[in-house]
Amino acid sequence: MENLKGKTAVITGAASGIGRSLAAKACGEGMNVVLADVEQAPLAQLQEELARSGARAISVLTDVAQPQAIEALARKTLEAFGGVDLLFNNAGVGAGSTIWESTLNDWTWVMGVNLWGVIHGIRTFVPIMLEQNRPAHIVNTASIAGLTRGHHSASYAVTKHAVVALTEQLAVELERINAQIKASVLCPSWVRTRINESGRNRPESLRNQAEAPPTAEMLKRWEQLRDVMKNATPPVAIAEAVFDEGIRQGRLYIIPHKETAQYIRNRFDAIMKDI
Ligand SMILES: NC(=O)c1ccc[n+]([C@@H]2O[C@H](COP(=O)([O-])OP(=O)(O)OC[C@H]3O[C@@H](n4cnc5c(N)ncnc54)[C@H](O)[C@@H]3O)[C@@H](O)[C@H]2O)c1
């Protein structure tokens, strides 16, 4: 897609980090924006900020894990702007550790937001986009963890691999019917956001009952993560890559950190070795 002015972008997880930068970038392109997030105060604050700068922005409090919430998001988008041209299924969280040490609540929460959130977004918005019968683009946020092996959180890795698979499947399905909709999957490495504080938005019903005190190893790891975050890529650079490589060039895979190529190659080498 080339000329975005006057078109409409829907962004989930818009109140922070990568989503916030995607929203600012879409406004900079002259688009109308629909900001969706579970975190009410920063969501309202961003909407006010963008509106003050002259953008046409609405905010919709949305839990992406709930299909009815995504349906309401679509209805409000159509009421406000009459259509949708870009959809960013971006909301995501991280929790838990190994497959067996992660609790059922860890699994349920992470699968709900990272995987079901993207499925609900696609199931709700693709029929609307098909009906519009004009160019549109969907960008799903996965992670480099969706293309490689061995992330420290099992549920995070599983959901991100699933988002890569979902997007590949979506691209094929859309191509088969000659739809004017394109799909891309965003797979960044470390980005300076609040992803390490995901627990702030965890629903009460999915909190772990008795959280064991952190082990020395966990404390060391958290410290390392804080250091990694300090030097991580600013989210504005990720938004630039999404609009350039994804929306404008139409690439299926948006991999902003080119140095991660070796990790992706290692996974495929391991697969090929066993053929
Ligand atoms: N930061 C990184 O290093 C990194 C790397 C690769 C991929 N990602 C992915 O980028 C995406 C954005 O994360 P971020 O790094 O900007 O983190 P962030 O925590 O700064 O932003 C995530 C946003 O999602 C929102 N959110 C959480 N649960 C939600 C729900 N149920 N419904 C709607 N919104 C919800 C949060 O309130 C927050 O505003 C995620 O999918 C994450 O997995 C991040």
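Order of listing sets the numbers, starting from 1, for every ligand and every atom in it. None of these values were measured; they are calculated from a predicted model. This chain uses plain numbering: 1 for the first residue, then up along the sequence.
- In terms of polar-atom proximity, defined here as any N/O pair under 3.5 Å, A36 makes no such contact with ligand 1.
- Of the protein's non-hydrogen atoms, P188 O, 3.4 Å is the one closest to atom 6 (C) of ligand 1.
- Within the 4.0 Å heavy-atom criterion, neither part of C187 lies near ligand 1.
- With respect to the salt-bridge test (charged N to carboxylate O, under 4.0 angstrom), the residues K76 and E79 do not qualify.
- Close contacts between ligand 1 and T62 involve ligand atoms 32 (N), 33 (C) [criterion: under 4.0 Å to a heavy atom].
- Both the backbone and the side chain of I18 come within contact range of ligand 1, each with a heavy atom under 4.0 Å.
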Working for side chain to side chain contact (heavy atoms under 4.5 Å, CB included), residues T12 and D37: CA-CA 6 Å; T12 72; D37 205 288; over 6 Å; no

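- Distance from atom 18 (P) of ligand 1 to its nearest protein heavy atom, with residue and atom name: S16 OG, 3.6 Å.
- Counting heavy atoms only, G92 comes closest to atom 22 (C) of ligand 1 of the residues G92, G19, G17, A69.
- When N196, L35, V228, D37 are ranked by how near their heavy atoms come to atom 39 (O) of ligand 1, first place goes to D37.
- Only the side chain of K160 comes within 4.0 Å of ligand 1, judged by heavy-atom distances.
- Using 4.0 Å as the threshold, S189 has a heavy atom nearer than that to some atom of ligand 1.
- Q132 places a side-chain N or O within 3.5 Å of a backbone atom of V84 that can act as its donor or acceptor partner.
- Nearest protein heavy-atom contact of atom 14 (P) of ligand 1 is T193 OG1, 3.4 Å.
- Heavy-atom contacts from other residues, nucleotides or ligands closer than 6.0 Å to CD of E259 number more than 12.
- In terms of protein heavy-atom proximity, atom 7 (C) of ligand 1 is nearest to A142 O, 3.2 Å.
- Backbone and side-chain nitrogen or oxygen atoms of A65 are examined, and none is located within less than 3.5 angstrom of a nitrogen or oxygen of ligand 1.
- Residue-ligand proximity, E39 to ligand 1, at heavy-atom distances under 4.0 Å covers atoms 37 (O).
- Heavy atoms from both the backbone and the side chain of N90 come within less than 4.0 Å of ligand 1.
- In summary, of the residues considered (T77, T8, D85), a side chain to side chain donor-acceptor pair (under 3.5 Å) with N32 occurs for T8 alone.
- At a threshold of 4.0 Å, the pair E223-K220 does not count as salt-bridged, since none of the basic side-chain nitrogens sits closer than that to a carboxylate oxygen.
- Considering both main-chain and side-chain atoms, S143 never comes within under 3.5 Å of ligand 1 through any nitrogen or oxygen pair.
- Using modelled atom types, one side-chain atom of S198 and one backbone atom of I195 make a donor-acceptor pair closer than 3.5 Å.
- The CZ atom of R52 lies 10.0 Å from the CD atom of Q47; values are rounded to the nearest 0.5 Å.
- Ring to ring, F88 and F125 are not that close: their centroids are 6.0 angstrom or more apart.
- The shortest separation from a heavy atom of N201 to ligand 1 is under 4.0 Å, placing the residue in contact.
- Counting the atoms of ligand 1 from 1 in the order shown, those under 4.0 Å from a heavy atom of A91 are 24 (O), 33 (C), 34 (N), 35 (C), 41 (O).
- Of all atoms in ligand 1, numbered sequentially from 1 with element shown, those under 4.0 Å from a heavy atom of D63 are 30 (C), 31 (N), 32 (N).
- Expressed to the nearest 0.5 Å, how far CZ of R20 lies from CG of L46 amounts to 4.5 Å.
- The closest approach between P203 and ligand 1 stays at or above 4.0 Å for every heavy atom of the residue.
- Near T141, with a cut-off below 4.0 Å to any heavy atom, the atoms of ligand 1 are 9 (C), 10 (O), 11 (C), 41 (O).
- Under the side-chain hydrogen bond (donor to acceptor under 3.5 Å, both in side chains) criterion, S184 pairs with H137, sequence neighbours left out.
- Once rounded to the nearest 0.5 Å, the distance linking NZ of K160 with CG of N140 reads 9.5 Å.
- Here the shortest heavy-atom distance to atom 8 (N) of ligand 1, taken over W190, Y156, F88, W109, belongs to Y156.
- Residue contacts with ligand 1: A232 is excluded, as none of its non-hydrogen atoms falls under 4.0 Å.
- In terms of protein heavy atoms, atom 24 (O) of ligand 1 is closest to G13 CA, 3.4 Å.
- D106 and T103 are linked by a side-chain donor-acceptor pair at a separation below 3.5 angstrom, with hydrogens and angles left out of the test.
- Atom 3 (O) of ligand 1 has its closest protein heavy atom at V191 N, 2.8 Å.
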Derivation of the salt bridge (charged side-chain N to carboxylate O under 4.0 Å, His left out) call for E245 and K258: CA-CA 13 Å; E245 297 177 25; K258 307 303 175 197; 3.2 Å; yes

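- Under the side-chain hydrogen bond (donor to acceptor under 3.5 Å, both in side chains) criterion, E101 pairs with T98, sequence neighbours left out.
- The closest heavy-atom contact to atom 32 (N) of ligand 1, among the options V93, I195, V64, comes from V64.
- For the pair H257 (side chain) and P188 (backbone), a donor-acceptor distance under 3.5 Å is absent.
- Residue nearest to atom 28 (N) of ligand 1, selected from V163, V38, L22: V38 (by heavy-atom distance).
- The side chain of R200, and not its backbone, has at least one atom closer than 4.0 Å to an atom of ligand 1 (non-hydrogen atoms only; side chain from C-beta on).
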